[in-house]
Trainee: 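I am attaching a structure below and will ask some questions about it afterwards.
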Amino acid sequence: AYAIGWLASDAPARLLLVGAGALPPLMALLHAGSEDGNGKAALAIGELAKDAATRALLVTASVLPLLVELLRAGSEGDKVIVMAAIGELAKDARTCALIVAAGALPPFAEVLHADTEDAKASVASLLVGLATEMQLEISALQTERDALA
C-alpha cells in the first residue's frame with residue numbers, strides 16, 4: 001500500500017496503477033487490514049483520488065463505505081488519513097452525496113466532539129468542502145431552472 005501511495009503521487013502513474021490492479025488489494029487492506037495497513041491503504045486511495053478519472057473508478061469500486069467504516073473504528077491517526085482521502089474524493093456534488101449516503105456524517109460529528117485537534121481541523125475542512133460542492137450543484141440547478149423559466 002505504501003508503494004502504491006508513493007507511486008500514485010505521480011499523476012500519469014495513477015491510471016496505470018488502477019489499470020494494473022491496485023484497487024483490490026487496497027480495498028482488502030481497508031476491509032481487513034492491520035492498523036498500519038489501513039492507514040497506508042487510505043493514504044494510497046487519497047493519492048489515487050487526486051485525478052478525476054481514478055477518483056471516478058474509486059467511487060465505482062465502492063471504496064466509500066470502507067473508508068467510512070475505518071473512520072468509525074480506526075485509530076486516531078487513521079481517522080486523519082481517512083478524512084484526507086474522503087476529502088480528495090469529495091470533488092463533485094455526486095460524490096459528495098455518495099459520501100453522505102455512505103453514512104459519513106455521524107462519524108464526522110463524533111470526531112468534532114472527541115478527537116485530536118488535527119482530526120477536528122481535518123473534518124472541519126472536509127465539511128466545508130462538502131458544503132461548497134453541494135452549494136455549487138444547487139447554484140447550477142437554480143441557473144438551469146431560471147434559464148428554462
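What you are looking at is a predicted structure, and each value in this text was computed from that prediction instead of being measured. Here, residue 1 is the first one in the sequence, and each next residue gets the next number.
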Trainee: What's the spacing between Ile86 CD1 and Leu98 CG if we round to 0.5 Å?
Mentor: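 Between atom CD1 of Ile86 and atom CG of Leu98 there are 12.0 Å.
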Trainee: Do you know the tightest heavy-atom contact between Pro25 and Gly21?
Mentor: CD-O, 3.2 Å
Trainee: Are any of the side-chain heavy atoms of Leu66 and Met27 separated by less than 4.5 Å?
Mentor: yes
Trainee: Just so I know, are the side chains of Val82 and Ile45 near enough to count as touching, which here means a heavy-atom distance under 4.5 Å?
Mentor: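 No. Closest side-chain heavy atoms not under 4.5 Å.
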Trainee: Working to the nearest 0.5 Å, report the span between CG of Leu17 and CG of Leu26.
Mentor: 9.0 Å
Trainee: Are Val63 and Leu70 co-members of a hydrophobic cluster defined by side-chain heavy atoms under 4.5 Å apart?
Mentor: yes
Trainee: Flag the pair Leu57 / Leu15 as yes when at least one side-chain heavy-atom distance between them is below 4.5 Å, and no otherwise.
Mentor: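 They are in side-chain contact.
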Trainee: For Arg55 and Leu89, work out which heavy atoms get closest and say how close.
Mentor: CD-O, 3.5 Å
Trainee: Is there a path from Val80 to Leu105 through hydrophobic residues (I, L, V, M, F, W, Y) whose side chains come within less than 4.5 Å of each other?
Mentor: no
Trainee: Between Ala90 and Ile99, what is the shortest heavy-atom contact and its length?
Mentor: CB-CD1, 3.6 Å
Trainee: Can you tell me how far apart CG (Leu64) and CD (Glu69) are? Round to the nearest 0.5 Å.
Mentor: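 Here the interatomic distance stands at 13.5 Å.
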Trainee: Might you point out which heavy atoms bring Leu67 and Leu30 nearest each other, and give the distance in Å?
Mentor: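 That would be CD2-CD1, 3.9 Å.
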Trainee: Has Arg94 got more than 12 heavy atoms of other residues, nucleotides or ligands less than 6.0 Å from its CZ?
Mentor: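 Open.
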Trainee: Taking all non-hydrogen atoms of both residues into account, name the closest pair between Leu58 and Leu23 and its distance.
Mentor: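 Closest approach of Leu58 to Leu23: CD2-CD2, 3.0 Å.
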Trainee: Just how far is it from atom CG of Leu43 to atom CD of Glu88, taken to the nearest 0.5 Å?
Mentor: 10.5 Å
Trainee: So, taking the atom named NZ in Lys40 and the one named CG in Asn38, what distance separates them when rounded to the nearest 0.5 Å?
Mentor: 11.0 Å
Trainee: Which atom names give the shortest non-hydrogen contact between Ala102 and Val68, and what distance separates them?
Mentor: O-CG1, 3.6 Å
